[in-house]
Amino acid sequence: MTYAFAARPVIAQSAPVMTAEAHISIDAVTKIYQTKSGQVESLRPIDLSIRRGEFLAVVGPSGCGKSTLLKLVAGLTSATSGTISIGGKAVSEPPDGVGIVFQNPVLLPWKTVRENVMLQIRMRGLDPAKYADAAQRLLKTAGLEGFEKSYPWELSGGMKQRASICRALVHDPEVLLMDEPFGALDAMTREKMNAELQRIWAESRKTVMLITHSIPEAVYLADRVVVMSSRPGTIEAIYDIDLPRPRPLSVMGEPAFIRYTQDIRKHFFAQGDLDH
Amino acid sequence: MTIAAGGDRQVQVRTTKMSVTNILARVATSEAVKPLLLILVILIGWDLAIRMFGIPAYLIPAPLDVVEQIVLQWPLLLRESLPTLYATLCGFALSALIGIPLALLIASSRLIESYLYPLLVFSQSIPKVAIAPLFVVWFGFGMLPKVIVAFLLGVFPVIVSTVLALKSIDAEMIDLARSMRSGPLRTFLQIRLPHAMPGIFGGLKVSITLAVVGAVVGEFVGSNSGIGYLLQIANGNFDLPLMFAALFVLSMMGVLLFWILDAIEGLLVPWHESRRRDLREGA
Ligand SMILES: Nc1ncnc2c1ncn2[C@@H]1O[C@H](COP(=O)(O)OP(=O)(O)O)[C@@H](O)[C@H]1O
Ligand SMILES: [Mg+2]
């Protein structure tokens, strides 16, 4: 079934990205997990280039290998075959200029919000004094001013995830990787966070790879949306999102926006993943 | 403190016109009073049972006789509890100093775990009480055999809890540390160890109460001092009130040591779920 769709002409495939401007390039990457019960083929060959400063979103059904793809780019796991490079350097271990936001905030409960943000600096062995201002600025941008000395368990879910975004950005990485960062939040908080993330990104112009299972979130935030097929995951389609920026939340009601979400959703109908 | 709280309640009572039974119910449910109240109930039940069933004093002494004995023999009890306390603390310190590093080794490597853990479990199932006399043969009368028995009883919970605590860390947290390019030592000191602290303390608290038991067992088999020795003498003389008095002192020692550890834990791990209420109230 997957093959039938792979054979179909890919919709709205973006123009081939020139390698010169590729910041992250993923070449023929596959991943097979070795487990006790045998091999789990997680990713079929994936080819993808992400431009410098681009906001790329990846959507796909659960278990299609989105997290695996992100971990590969983050250097947290190694590819079975193929290569990944960031800024021309092959990724073999977690690279320097990368910040990650995980699905859970993973804040340390024994550290305050500020200490949690500064953890990125301490763990990397950087000079905390040099980054104190950056941390404060990020906390302010994220609306956490006044909560620097609070403990994570004193914060709401949205605030925790904002703190973890600050932590991912405090060392000023070139690349921001996010794995369903807002999945645990309610719809209202989520939209607010999306708007904030867009603003933070507009200010910093990082290269962003956002994994999400929310199609509106992907369309709202991204320059391009990658649609993955169900496991073993491979790229089924790539959509260029041609909506002017900055995008107000109200853009979600516009016909162009709705057309994008409908087009993308069709892939999941076709795959039988009606719940997405 | 309690008085102030009581006064507070009375004001509340007056304004809300609550009955006397309500006040009693509130005092009875306050944290500090609860265990004391239970002890009182047990003591009364104990006394009543002796009177009602006519249990002779050579089987179970009356609570008042025990209290009298505690007061009369206080200097003796205090003097004899010192060697027991000393053996307990030494055994406990050894449990922590040897147990925690062993647990670190076990948690850090599958290989070490597969060699060491089964052996430890096996050694744990040897009844310490049965081999305690052996230690007297090996190490003679006095402090050393007591300390060793206290250590042998106390070390196992430390190892088990610490291993479990070290292992039960989120894969995401380790991924986070790796993504920050942190080395193994820094990850251990900054993340793994603090994360394991509540579990380690859980083990230490079990360990200290077992160390008390170990010290007394050591005194049973080979010592001429300590609460365990006193218990044996009292037992030999059918001096049940003294025996119960010694048991009381022993339990108080266990409770006190447990509380001290609990307080240290409160200082070192104030962030744990079980402590957050205290933190909030303190703030
Ligand atoms: N560490 C692992 N060991 C074995 N299989 C794994 C592991 N991580 C993920 N998988 C498998 O790989 C597939 C893709 O997982 P994942 O990348 O987490 O998907 P997604 O994030 O899209 O839901 C799943 O079938 C999952 O069971
Ligand atoms: Mg995932």
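A, B, ... follow the sequence lines: proteins, then strands. Residue 1 opens every chain.
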[atom1]/[X] to [atom2]/[Y] distance, rounded to the nearest 0.5 angstrom?
| X | Y | atom1 | atom2 | answer |
| --- | --- | --- | --- | --- |
| Leu108(A) | His195(B) | CG | NE2 | 10.0 Å |
| Trp153(A) | His272(B) | CH2 | NE2 | 11.5 Å |
| Leu176(B) | Leu107(A) | CG | CG | 9.0 Å |
| Ser182(B) | Gln120(A) | OG | CD | 10.5 Å |

Discussion item. Check this for me: does any side-chain nitrogen of one of Arg178(B) and Glu93(A) sit under 4.0 Å from a carboxylate oxygen of the other?
Written reply: no

Worksheet item: Are the side chain of Arg181(B) and the backbone N or O of Pro94(A) linked by a donor-acceptor pair below 3.5 Å?
Response: yes

Worksheet item: Minimum heavy-atom separation for Thr187(B) to Met123(A), with atom names?
Response: CA-CE, 4.2 Å

Item to complete: Indicate the atoms forming the closest heavy-atom contact of Pro109(A) with Trp271(B), along with that distance.
Response: O-CB, 3.4 Å

Within the supplied structure, the quantity of interest is the number of heavy atoms (other residues, nucleotides, ligands) at a distance under 6.0 Å from [X] [atom1]; does it exceed 12?
| X | atom1 | result |
| --- | --- | --- |
| Arg122(A) | CZ | no |
| Tyr86(B) | OH | no |
| Tyr33(A) | OH | yes |
| Phe147(A) | CZ | no |

Practice prompt. Check each of Leu119(A), Leu126(A), Ile100(A) against Met180(B) using the side-chain contact (heavy atoms from CB on, under 4.5 Å) test, and report the only one that passes.
Written response: Leu119(A)

Response to the item:
When the 4.5 angstrom heavy-atom criterion is applied to Pro152(A) and chain B, the contacting part is neither

Response to the item:
Most contact-rich option vs chain A, by heavy-atom pairs under 4.5 angstrom, among Glu172(B), Met197(B), Met173(B), is Glu172(B)

Discussion item. For chain B, which candidate among Leu76(A), Val98(A), Val106(A), Asp96(A) shows the most heavy-atom pairs at distances under 4.5 Å?
Written reply: Leu76(A)

Worksheet item: Gln103(A), His171(A), Arg167(A): which one forms the most heavy-atom pairs within less than 4.5 Å of chain B?
Response: Arg167(A)

